[in-house]
Amino acid sequence: MLVAAGLHKTYGATPALAGASVTVAAGEMLAVMGPSGSGKSTLLHCLAGIVRPDSGEVRYRGRSLSELSDAERSALRRGAFGFVFQFGQLVPELTCRENVALPLRLDRTGRREAERRADEWLARLEVAELADKRPGEISGGQGQRVAVARALVTEPRVVFADEPTGALDSLNGERVMRLLSRAARDSGAAVVLVTHEARVAAYADREVVVRDGRTRDLEPVR
Ligand SMILES: Nc1ncnc2c1ncn2[C@@H]1O[C@H](COP(=O)(O)OP(=O)(O)OP(=O)(O)O)[C@@H](O)[C@H]1O
């Protein structure tokens, strides 16, 4: 579904990727592991079409991302891709329901339908009771579950999650991972999960390790 080959990316004099290659199959959860500064986030950003590699190629369903226009790439990010980050992704002025409905509203779904689907996803992530609260009124773990609902509400084919449990204690981290993996599996979405925690990577079907901007595949963890 998503294939990256020979990615190189340098920021000024800092090499972030130096020949990274990775394949993501439909519906699988892939953990991207590796030490701090090894290039994990840069790899994720290249796969998602947010960062353009200096060389190498990323193909989504056979089409090279570099051949797409900026408008086509943003349409892909809005439609086929979903995103969960470590923190700071919910709009503080909006309720949780409005936050989850937002990607649908941006795609011109009517308010009533968007909010109905938002409520469904909040329930799946076991945070239905937070629908009318604002992000400032809920815990970090609850916020991450709302963020996962928002990433999945458009039924993306690939969810990119960059340290989604990085700011949580282990109990809340486990809960977010359990709900994220179940929700992704139910909707058939692939997940690219950046983490440095083995406990979090254990939810994945497969692992790839990034070291000094290069990737190395490992056997399944389980
Ligand atoms: N926007 C940027 N501008 C300049 N340098 C950057 C930028 N983004 C990343 N880098 C550098 O590229 C290298 C790889 O960074 P990256 O964030 O991809 O690593 P990472 O493995 O995700 O790290 P961490 O686990 O600490 O988040 C690092 O040396 C980093 O300092």
Side-chain angles (χ1 to χ4, degrees), residues 1-60 65-66 77 81-89 140-141 144 147-148 151 156-181 184-185 189-222:
M1 159 158 302
L2 198 54
V3 179
L7 299 182
H8 287 76
K9 175 74 191 174
T10 300
Y11 291 105
T14 311
L17 293 179
S21 300
V22 67
T23 303
V24 186
E28 82 167 339
M29 186 183 278
L30 174 74
V32 178
M33 300 207 53
S36 182
S38 58
K40 303 183 294 294
S41 297
T42 306
L43 176 60
L44 180 137
H45 292 150
C46 287
L47 288 171
I50 295 168
V51 164
R52 191 188 286 259
D54 300 330
S55 63
E57 190 177 53
V58 179
R59 288 183 173 270
Y60 174 69
L65 296 190
S66 63
R77 284 199 298 266
F81 296 168
F83 296 90
V84 185
F85 297 105
Q86 189 169 345
F87 38 49
Q89 51 203 322
Q144 285 308 75
V148 171
R157 298 297 79 212
V158 188
V159 176
F160 295 95
D162 197 349
E163 301 277 10
T165 63
L168 305 180
D169 62 48
S170 59
L171 206 63
N172 278 300
E174 296 279 342
R175 189 158 187 205
V176 166
M177 282 313 301
R178 191 164 44 72
L179 291 165
L180 166 62
S181 56
R185 194 171 348 100
V191 180
V192 180
L193 169 72
V194 166
T195 181
H196 58 267
E197 294 178 75
R199 196 163 41 78
V200 172
Y203 284 86
D205 302 302
R206 204 158 55 81
E207 257 180 55
V208 57
V209 175
V210 186
R211 231 175 262 283
D212 299 330
R214 289 194 189 83
T215 43
R216 188 158 57 84
D217 275 303
L218 287 190
E219 287 306 302
V221 252
R222 279 172 284 162

task = Would you mind telling me which of Asp162, Ile50, Val159 makes a side chain to side chain contact (heavy atoms under 4.5 Å, CB included) with Phe83?
result = Ile50

ask   = Side chains of Met29 and Arg185: closer than 4.5 Å at any heavy-atom pair?
value = no

request  = State which residues pass side chain to side chain donor-acceptor pair (under 3.5 Å) with Glu174; sequence neighbours excluded, sorted by chain then number.
outcome  = Arg199, Tyr203

Nearest atoms (heavy-atom pairs only) where Arg178 meets Ser181 = O-OG, 3.2 Å

query = Lys40 side chain to Leu193 main-chain N or O, any donor-acceptor pair under 3.5 Å?
reply = no

message = Checking ring pair (Phe, Tyr, Trp, His ring centres under 6.0 Å) between Phe160 and each of Phe85, Tyr60, Phe81, which is the one that passes?
response = Phe81

task = Can you sort out the partners of Arg175 under side chain to side chain donor-acceptor pair (under 3.5 Å), two or more places apart, ordered by chain and number?
result = Glu126

request  = List the atom of Ala26, the atom of Met1, and the distance in Å for their closest heavy-atom pair.
outcome  = CB-CE, 3.7 Å

inquiry  = Within a 6.0 Å radius of atom CG on Asp54, are there more than 12 heavy atoms belonging to other residues, nucleotides or ligands?
reply    = yes

task = Search all heavy atoms of Met33 against all heavy atoms of Ala201 and return the closest pair with its distance.
result = SD-CB, 3.3 Å

Shortest non-hydrogen contact between Gly173 and Leu168, atoms and distance = N-CB, 4.0 Å

ask   = Should His8 and Pro53 count as side-chain neighbours, where that means a heavy-atom distance under 4.5 Å?
value = no

ask   = Which distance, rounded to the nearest 0.5 Å, do you find between the CD of Glu163 and the OG of Ser41?
value = 7.0 Å

ask   = With distance as the sole test, does Thr215 use its side chain to make a donor-acceptor pair with the main-chain N or O of Ser21 at under 3.5 Å?
value = yes

task = May I ask you to test the Leu179-Val148 pair for a side-chain heavy-atom distance under 4.5 Å?
result = no

query = Would a 4.5 Å heavy-atom cut-off, applied to side chains only, mark Gln144 and Thr165 as touching?
reply = no

note = Nearest heavy-atom contact between Cys46 and Leu17 is SG-CD1, 3.9 Å

query = Looking only at heavy atoms, which two atoms of Leu180 and Ala161 are closest? And how far apart?
reply = CD2-CB, 4.5 Å

task = State the CG-CG distance between Leu7 and Leu47, to the nearest 0.5 angstrom.
result = 7.0 Å

key: Arg77 CZ: over 12 foreign heavy atoms closer than 6.0 Å   = yes

query = Got a second to check how far Leu30's CG is from Glu207's CD, nearest 0.5 Å?
reply = 9.0 Å

task = Please test Leu43 against Val22 for side chain to side chain contact (heavy atoms under 4.5 Å, CB included), starting from the C-alpha separation and ending with a verdict.
result = CA-CA 9 Å; Leu43 176 60; Val22 67; 4.2 Å; yes

